[in-house]
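As the structure is a computational prediction, the values presented were derived from the model and not from experiment.
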Amino acid sequence: ANEGSEAHVALFARLARGLVASGIVRQVVVVLQTDEDRPISNELAQNLQLDPRFFLDDDLDPDQLANVYRACRLVISSRLHAVLLSLLAGVPAISLAPEVTFKERAVLELLGLESLWIPSTTDPDRAVEQCLAIASEEASHRRAIASAVAAARAQWDEVPKTLREIVQEARR
C-alpha cells in the first residue's frame with residue numbers, strides 16, 4: 001500500500017533474522033505467492049542470502065501451498081491468501097500487513113485470531129518481539145487455530161442448509 005518495497009523487505013528480513021537468532025526458527029523459506037510479487041520476493045531472498053532451494057518460485061496450487069505451509073512452524077505474510085492457507089493447514093500465520101489494509105485484520109478478528117495481525121507500521125523491534133511471542137506460544141496458537149477453523153467450517157456447512165430453507169420458504 002503506502003509503504004515502499006525497501007521498507008517491507010527490511011522488516012521481513014529483520015523478522016526472519018530475529019526468529020533464526022532466537023533459535024525458534026531454523027530455516028527461512030520465501031514462497032512466491034503471485035507473479036506480481038516476484039521482484040519483492042527475489043529482493044527478500046537476496047537480502048537474506050537464501051540458498052536458491054529456499055526460494056519457492058513454483059506455480060503451486062492452493063493444495064500444494066497448504067502442504068508447504070503445513071511443514072512450517074510459523075508463516076509470516078502480507079498476503080491474506082497465504083495466511084488463510086496456513087491457518088487451514090493448522091499453522092500459526094502472522095499477517096504482517098499495513099494498517100490501511102483492513103481485510104487481514106477483519107478476517108482474523110472474525111476468526112477470533114486477531115493476535116496474529118501485526119501492522120507493518122509497527123516498530124521493527126516491537127514486531128520482532130510480537131513474532132517471537134507468537135512463535136513461543138505455538139501450541140496454544142495451534143489449538144486456537146484448530147478451534148477457529150473448525151467453527152468456520154461448521155458455519156460454512158450451514159450455508160447450503162440455510163439457503164435451501166430460504167428457497168423453500170419463498171416457494172410457499
Side-chain angles (χ1 to χ4, degrees), residues 1-33 37 40-41 43-51 54-56 62 65-155:
N2 295 332
E3 78 187 349
S5 66
E6 285 182 20
H8 203 65
V9 167
L11 179 58
F12 271 79
R14 190 158 182 183
L15 291 172
R17 287 187 182 102
L19 288 164
V20 170
S22 74
I24 289 176
V25 172
R26 288 191 314 260
Q27 179 61 57
V28 174
V29 177
V30 174
V31 179
L32 180 69
Q33 292 296 300
D37 291 344
I40 197 167
S41 296
E43 191 177 336
L44 177 59
Q46 290 171 1
N47 185 304
L48 292 170
Q49 299 177 332
L50 287 184
D51 182 301
F54 301 112
F55 177 51
L56 302 183
L65 284 168
N67 284 330
V68 167
Y69 299 139
R70 190 173 286 110
C72 297
R73 180 166 190 192
L74 177 70
V75 172
I76 303 173
S77 181
S78 56
R79 289 288 188 183
L80 180 58
H81 59 275
V83 170
L84 293 175
L85 290 171
S86 299
L87 295 176
L88 287 171
V91 175
I94 297 171
S95 177
L96 189 68
E99 288 184 274
V100 295
T101 305
F102 67 91
K103 65 183 177 184
E104 289 85 357
R105 182 177 179 181
V107 168
L108 289 171
E109 283 178 348
L110 183 66
L111 293 171
L113 300 171
E114 59 274 358
S115 65
L116 297 176
W117 176 71
I118 300 174
S120 58
T121 55
T122 300
D123 173 75
D125 289 334
R126 179 70 183 125
V128 169
E129 288 172 18
Q130 288 176 288
C131 287
L132 286 170
I134 290 167
S136 67
E137 305 258 336
E138 179 186 356
S140 118
H141 284 289
R142 284 184 183 265
R143 286 190 300 274
I145 289 164
S147 176
V149 168
R153 284 187 168 143
Q155 284 182 319

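In terms of heavy-atom proximity, I118 sits nearest to C131 at CD1-SG, 3.8 Å. Residues L32 and D37 share a closest heavy-atom pair of CD1-C, 3.5 Å. Minimum heavy-atom separation, L19 to A135: CD2-CB, 4.3 Å. Looking at every heavy atom in both residues, E104 comes nearest to S78 through OE2-O, 3.7 Å. What you find for A148 and L113 is that their closest heavy atoms are CB-CD1, 3.9 Å. What you find for V91 and C72 is that their closest heavy atoms are CG1-O, 3.6 Å.
A distance of 10.0 Å separates CG of L96 from CH2 of W117, quoted to the nearest 0.5 Å. Within the model, atoms CG of L48 and CD of E43 stand 11.0 Å from one another, a figure rounded to the nearest 0.5 Å. Taking CD1 of I145 as the start and CG of L111 as the end, the distance is 9.5 Å to the nearest 0.5 Å.
Sorted by first and then second residue, the salt bridge (charged side-chain N to carboxylate O under 4.0 Å, His left out) pairs involving residues 134-148 (not counting sequence neighbours) are R73-E138, E138-R142.
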side-chain contact (heavy atoms from CB on, under 4.5 Å) assessment of Q33 paired with S41: CA-CA 9 Å; Q33 292 296 300; S41 296; over 6 Å; no
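Counting non-hydrogen atoms of other residues, nucleotides and ligands closer than 6.0 Å to CD of E6 gives a total of 12 or fewer.
Annotation: side chain of R17 is in contact with side chain of N47 (closest heavy-atom distance under 4.5 Å). Between S95 and L108, the closest side-chain pair of non-hydrogen atoms falls below 4.5 Å. Contact of the V149 side chain with the L88 side chain is registered, since non-hydrogen atoms from C-beta on lie closer than 4.5 Å. With a 4.5 Å cut-off on side-chain heavy atoms, S136 and I24 count as touching. Looking at heavy atoms from C-beta onward, S115 lies in side-chain contact with H141 at the 4.5 angstrom threshold.
Partner of L116 under the side-chain contact (heavy atoms from CB on, under 4.5 Å) criterion, chosen from V83, L87, V75: L87.
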